Student: 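I'd like to ask some things about the structure below.
What you are looking at is a predicted structure, and each value in this text was computed from that prediction instead of being measured. What's counted below: heavy atoms across the whole structure, side chains too, no hydrogens, waters or symmetry copies.
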Amino acid sequence: MVRKILTVLVFVFGLSGLALAGGHLENEKNPEKFLQYYFDAFNAQDAKKLDTVFATPFQRIRNGETVSYNSWREYINFDVIKKTGWKRSVINETEVVYDSDRTAVVRIIFSRLDASDKIVAKAQAAMVVVKPDSKWKLAMILLPGSIPVSEEDK
């Protein structure tokens, strides 16, 4: 009996450790759940979770120009985003355009909200996610230039 209880505890704590170490179990299920995980990490400005989200290099296409980043820290500047009145972002709609075991293209419509939950920006984006190992990673985003994210968007 004691052996069964110890086995269950080891299993439960092992799964908890994976989740805490950035191996978010929902992240592994499908591209849409992964993108929600990304939005949650983005909204929380959680550097540790954001470290687990982006492929390296990460690419952004904006107004026909492709820019490569070695880290999400080069790409996302929360000060620039906050100047628009942003408090959090929500996914309004997703459509998986292409899906395989290791790659997916997801069209999303999302809104940026202020502290009163009023929309300060709404956009459509295409996101390419890849699964090099057991976890999805954001490899590329096609985002309108009207949605500031980086220093170059100022």
Student: Which heavy atom in Gln59 sits nearest to a heavy atom in Ser68, and how many Å separate them?
Tutor: NE2-OG, 2.8 Å

Student: For the atom pair CD (Gln124) and CG (Leu143), what is the distance rounded to the nearest 0.5 Å?
Tutor: 11.0 Å

Student: Under a 4.0 Å N-O cut-off, is there an ion pair linking Arg73 with Asp51?
Tutor: yes

Student: In Å, rounded to the nearest 0.5 Å, how long is the span from CG of Asp40 to NZ of Lys49?
Tutor: 7.0 Å

Student: Are Trp86 and Phe42 an aromatic pair, judged by ring center distance below 6.0 Å?
Tutor: yes

Student: If every non-hydrogen atom of Pro148 is compared with every non-hydrogen atom of Ile81, which pair is closest and at what distance?
Tutor: O-CG1, 3.5 Å

Student: Can you tell me how far OG of Ser71 sits from CD1 of Ile76, rounded to the nearest 0.5 angstrom?
Tutor: 9.0 Å

Student: When rounded to the nearest 0.5 angstrom, what distance separates CE in Met140 from CE in Met127?
Tutor: 12.5 Å

Student: Indicate, with yes or no, if Trp72 and Tyr69 share a hydrophobic cluster defined by side-chain heavy-atom contacts under 4.5 Å among Ile, Leu, Val, Met, Phe, Trp and Tyr.
Tutor: yes

Student: Which is it for Asp101 and Lys131 under the side-chain contact (heavy atoms from CB on, under 4.5 Å) test, yes or no, and what are the steps along the way?
Tutor: CA-CA 8 Å; Asp101 290 344; Lys131 198 173 192 181; over 6 Å; no

Student: For Tyr38 and Val53, work out which heavy atoms get closest and say how close.
Tutor: CD1-CG1, 3.5 Å

Student: Please assess Trp136 against Val130 for the test side-chain contact (heavy atoms from CB on, under 4.5 Å), listing each intermediate value before the final yes or no.
Tutor: CA-CA 6 Å; Trp136 289 104; Val130 296; 5.6 Å; no

Student: Measure across Ala104 and Asp99 and return the closest heavy-atom pair with its distance rounded to 0.1 Å.
Tutor: CB-OD1, 3.9 Å

Student: Would you compute the distance between atom CG of Asn30 and atom OG1 of Thr94 and round it to the nearest 0.5 angstrom?
Tutor: 9.0 Å

Student: If you measure from CZ on Phe110 to CZ on Arg112, what distance do you get to the nearest 0.5 Å?
Tutor: 5.5 Å

Student: Checking side-chain contact (heavy atoms from CB on, under 4.5 Å) for the pair Ser111/Asn92: CA distance, chi angles, key distance, verdict?
Tutor: CA-CA 7 Å; Ser111 298; Asn92 304 108; 2.7 Å; yes

Student: Identify the two heavy atoms, one from Gly145 and one from Asn63, that lie closest to each other, and give their separation to 0.1 Å.
Tutor: N-OD1, 3.6 Å

Student: Quick one: does any side-chain atom of Asn43 pair with a main-chain N or O of Ser89 as donor and acceptor, under 3.5 Å?
Tutor: yes

Student: Could you state whether Ile147 and Val90 fall into the same hydrophobic cluster, counting links through intermediate Ile, Leu, Val, Met, Phe, Trp or Tyr residues with side-chain heavy atoms under 4.5 angstrom apart?
Tutor: no

Student: In terms of side-chain geometry, is the basic nitrogen of Arg60 or Glu65 positioned less than 4.0 Å from the acidic oxygen of its partner?
Tutor: no

Student: Is it true that a side-chain atom of Arg102 and a backbone atom of Asp133 form a donor plus acceptor pair closer than 3.5 Å?
Tutor: yes

Student: Is there a donor-acceptor pair closer than 3.5 Å between any side-chain N or O of Lys137 and the backbone N or O of Thr52?
Tutor: yes

Student: Could I get the full list of side chain to side chain contact (heavy atoms under 4.5 Å, CB included) partners for Asp114, not counting sequence neighbours?
Tutor: Ser116, Lys118, Val120

Student: Applying side-chain contact (heavy atoms from CB on, under 4.5 Å) between Ile61 and each of Thr66, Val128, Ile141, Val67, report the one that passes.
Tutor: Thr66

Student: Taking a hydrophobic cluster as the set of Ile, Leu, Val, Met, Phe, Trp and Tyr residues connected by side-chain heavy atoms closer than 4.5 Å, whether directly or through intermediates, do Ile108 and Ile119 fall within one such cluster?
Tutor: no

Student: Walk me through whether Ile109 and Lys122 qualify under side-chain contact (heavy atoms from CB on, under 4.5 Å).
Tutor: CA-CA 7 Å; Ile109 297 174; Lys122 189 171 184 177; 3.7 Å; yes

Student: Would you please name every residue forming a ring pair (Phe, Tyr, Trp, His ring centres under 6.0 Å) with Phe58, sequence neighbours left out?
Tutor: Phe54, Tyr75

Student: Can you see which heavy atom on Leu138 is nearest to which on Val129, and at what distance?
Tutor: CD1-CG1, 3.9 Å

Student: Of Ile91, Leu35, Val97, which meets side-chain contact (heavy atoms from CB on, under 4.5 Å) against Val106?
Tutor: Leu35

